Structure formats: C-alpha cells, structure tokens
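See structure below.
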There are 2 protein chains.
Amino acid sequence: MPQENSAAKVLHHLKQDVLAGYFEAGQKLKMSQLKERYQVGVNPLREALSQLVVMQLVQVQDQRGYRVCPVSQAELLDIYDTRARIESLCVGLAIERGDDAWEAGIVAAAYRLQSNAALLQGNGDLQAWEQLHQQFHHAIVMGCGSEELLRVRLHLYEKASRYRNLWLQHNAGHAAFDVNQMEHEQLVAAVLARDVTSSQALVQKHILVPSRVLQNLLE
Amino acid sequence: MPQENSAAKVLHHLKQDVLAGYFEAGQKLKMSQLKERYQVGVNPLREALSQLVVMQLVQVQDQRGYRVCPVSQAELLDIYDTRARIESLCVGLAIERGDDAWEAGIVAAAYRLQSNAALLQGNGDLQAWEQLHQQFHHAIVMGCGSEELLRVRLHLYEKASRYRNLWLQHNAGHAAFDVNQMEHEQLVAAVLARDVTSSQALVQKHILVPSRVLQNLLE
DNA sequence: TTTTTTAATAATGTCGATATTTTAGTACCG
DNA sequence: CGGTACTAAAATATCGACATTATTAAAAAA
C-alpha cells in the first residue's frame, strides 16, 4: 500500500477543511493552530499550504503567513459562468465521442442519484447527495475523452465548492431540489438522444441555477 | 519593495528551467543538485516543487523524490486540442464583450508583433518573438473579461510550453512563420469585424498548426 | 484624549541534523 | 552464467532550533 508522506495527508485534510468551510473565508491560518490540528511539523504544513495557494484556495503574504482566500460575488459569478461554459464544452464532446459503455454509465449514475433522493429530505446527508450528484454529471462529461478538459472542469468544481455548500444548506428541505431532479431527467434524455444543442443549453442553465440564488445570499 | 521569500524565487527559476527544457522530461530532480543550482536549502525547494506538482510540471513519488513530468504524444494532442477550444471560447466572449480600448490593444499588439518579425530570421531571439506573439493573442482574449477563463488558458499555455519550444526550434529560419503571420492578419481582421464564427475557426486552426508538426517530431 | 515611540510578544522562514527508505554494488549460491 | 541476498552509500522526509520579521501592548509625548 502506498503510504503517502505527511504533506500529502495534511494537504487532503486541509483542503477538505477549507472547502467544507471549517476555516472561514479570509481567516488567518496560524501555524501553531494547524500544527495542533493535523499533528505535523511546520514543513509538511508549508508544503501543503503552498499547494493550496496554487489551487487558489489559500493566499500567502510574505512574512505574514497564510489565510483562506476570501469569497466575493464577482468570483462567484465568474466561477459559475466559466463552469457552465466548460461543462457545455465537455458535454458537446462527450455526445460526439461517447460509446455504449458511456451511455450505460450515465443511466446507472442517474438511477443511483434518483434512488437516493431521500438524502435531500429533512435531515439527510447533503454532502452524500452532492457526491452522487457530481458522479452523475461526471458520468456524462467523462465521455469527452480529454484528460486536460476534465482536469480544468474538476478544478472549477472544487473552487465552486465553498459557494455550493452555501446553496446546499440554504436549500435544505426546500422544493428547489425538485426542479433540480427534473432538469436531470431532461438532461439524460437529451444526451442519450445525442442532441448537442439542447443538452448544452440544459446543462448550462442547470449549473447557473445556484449562481442566481447565491447572489442574494452574499450581502 | 516586496521581498518575496526564497521559495517563491526558486519557484520562478525552477519553473522557467523546466519549461525551457533545462531539465529534460522525465529527468530526476535531485535535492543536492537543486540546492547547488539555486543556492537554497531543502525546505524552500520542497515548497517550490510541491507547487510545480500542482501545476503538473513535476511528478512526486513518495520517498523517491521528484522528477520532471514526461512528455507524450497523447498529452501533446490533448493539450493543444483543449487549448484550441478554450481559446475559441475566449475569443467568442471577447468579441461579444470587448470595447474600444480592447480593439486598440489588439491593433497595438499586432503591430508590435509584425514590427519584430526579424526575430524569426536566422539567429533571432525566438523566445522574445514568442513573448510578443503571446502578448498579441492575450490582447485578443483578455476582452472576455473572465479571470477564471483566462487563468485556465494561461495554465494550458504554460503546459504547452515544452512542446512549443520544440516547434519553435524546428521551424527556426523556415517559411512556416510566414503562414503564421498571415494567419495573424486574418485573425485581426475577423476579430475587429466582430465575426465570431470565422474568428473562432481561425484561432482554432492557428493553435493546432504546431500540434500536427510536433506529432512527427515525437517519435 | 490622541498620537507616537518603545518594548514585549508572537509568528514566520530557513537551516542543520537525524531517522527512514531507496538505490547501487558486491558477494554468494543455485 | 544468472539470480538472490546482503551490505554500503546516497537520498528523502521530518523535526527542533534559531534568526528575522510582524503584531500587540504599554508608556511617553503632544
């Protein structure tokens, strides 16, 4: 088994903590605090933080340490807008290139997502649902066959996580998810029908939904 | 003046050295060697290398150190293909959103590029030309107004650098650059005419030119 | 009271040293 | 002669400690 070094382990935890909002946006990340939490020395921490800086989740000021990247309405809009365009690109290529296994994967992921719709009710596990949700969309775009494009897409997905969590919590138990599920059905139908234009339109609209709601939440 | 820490300085040098091919693809990066070259300790080096890992220019194997990412024909194709699509996206948005200052910037950058065409002759400075070339294309796409999209584009441009250098050296003094310059003129005309379709077609084709040539160079 | 200066405190960035692991070389055995 | 096991050397990953720099608190001057 590949025992990864402690920088890699702490990177994983730290990233999750930033994305999940354990560390708030703009918060200072003190070394003493992080050493305590992750039980490692300064150097693995600096390695992990350096990587998060490249991922644009953490900022560094020389001689003044690290802090979580602030969030802003402008960034929210930019990220979601860009995500919508990239996702659209992926969907177009996937429809062009996808084979039988790809289609089967979509149907399977859609089924699993729908089967676990209860996760959205009342006190369900929203993060677990989001994972299935993401797996569903990934099943579609993975057909594009481009590692680079999928990497770009993943990066934007992660950068959007902090905003998305706000949306998920805001919508907990609400009816907004019903619309969401309907959009999924429409998307599956359009993709399997290999209808590029309407698939792209649907997926763009689908991604931009939280963006509109979140604009009101951020101040 | 902002005196950056030594990890940031070494990151810059190391990145340039990798992109410019001073360290060959697949080569092992020994700490003793790097300490010697950049005159810093192990920890700033590990920070810089960690960042290059996120940028996908360097690979890390646990307990086995770092090595430059290998190059491959598959990656070459993927990067250039993806770049062409992203650039096309940027161009479309830029035409939609660009203002007068944007148009002026394009004309200025095109003029400077053409004025320095001599850099391509015989023993000219290809890297200097490439910088002007890139500034020209940046002048066009910056009109898209999306930080995120431009960042994705820059990332792909940098990832393509090692392949592009091969192309530049291969074409040194050849006639391939004449075609290149003609394509630039056509692109400027189409962009200023706000013709989205032909601008996108031109820029996609333009980016993919080196890709075809390089496929033959890589084994 | 407000501002400036100074001292104390805390945090950051870097190096040298050390334990652990990998790699290379060599002898041994089948 | 080829392959395996053992030994020596080198390289990596991490920690503790120290010098430098920022931040806070207190004291003095306006």
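Within every chain, numbering begins at 1; the chains are lettered A, B, ... in the order of the sequence lines, protein sequences first and strands thereafter. Owing to the predicted nature of the structure, the values given are computational and were not obtained by experimental measurement.
Across the protein-nucleic acid pair, D62(A) atom CG and dT23(D) atom C1' stand 16 Å apart, rounded to whole Å. Between the CZ atom of R46(A) and the C1' atom of dA11(C) there is a distance of 11 Å, given to the nearest Å. Atom CD in Q61(B) sits about 8 Å away from atom P in dT23(C), given to the nearest Å. Taking atom NZ of residue K30(A) and atom C1' of nucleotide dT12(C), one finds them 13 Å apart after rounding to whole Å. Between E36(B) atom CD and dA11(D) atom P there is a gap of 13 Å when expressed in whole angstrom units. Counting to the nearest Å, the P atom of dA11(C) and the CG atom of L29(A) are 13 Å from each other. The CG-P distance, from L49(A) to dT12(C), rounds to 10 Å in whole Å. Counting to the nearest Å, the P atom of dT14(D) and the CG atom of L34(A) are 16 Å from each other.
If you check dT14(C), dT21(D), dT14(D) against the side chain of Q63(A), the one that comes closest is dT21(D). Nearest to the side chain of P44(B), among dT14(C), dA13(D), dA11(D), sits dT14(C). Closest approach to the N5(B) side chain among dA13(D), dT14(C), dA11(C) is made by dT14(C) (side chain taken as heavy atoms from C-beta onward). Minimum atom distance to the side chain of S32(B) is reached by dA11(D), of the listed dA13(D), dG13(C), dA11(D).
Ring centroids of H137(B) and H206(B) are separated by less than 6.0 Å, placing the two rings close together.
In this structure, Y38(B) and F23(B) have tilted ring planes: the angle between them lies in the 30° to 60° band.
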Problem - Check against side chain to side chain donor-acceptor pair (under 3.5 Å), E130(B) and H133(B) - result: CA-CA 5 Å; E130(B) 174 55 26; H133(B) 181 217; 3.2 Å; yes
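Both R64(A) and S6(A) lie near DNA chain D, and the one whose nearest nucleotide falls closer to the 5' end is S6(A).
For K28(B), a side-chain nitrogen or oxygen approaches OP1 or OP2 of dT12(D) to under 4.0 Å.
No more than 12 heavy atoms of other residues, nucleotides or ligands sit less than 6.0 Å from atom CE of M142(B).
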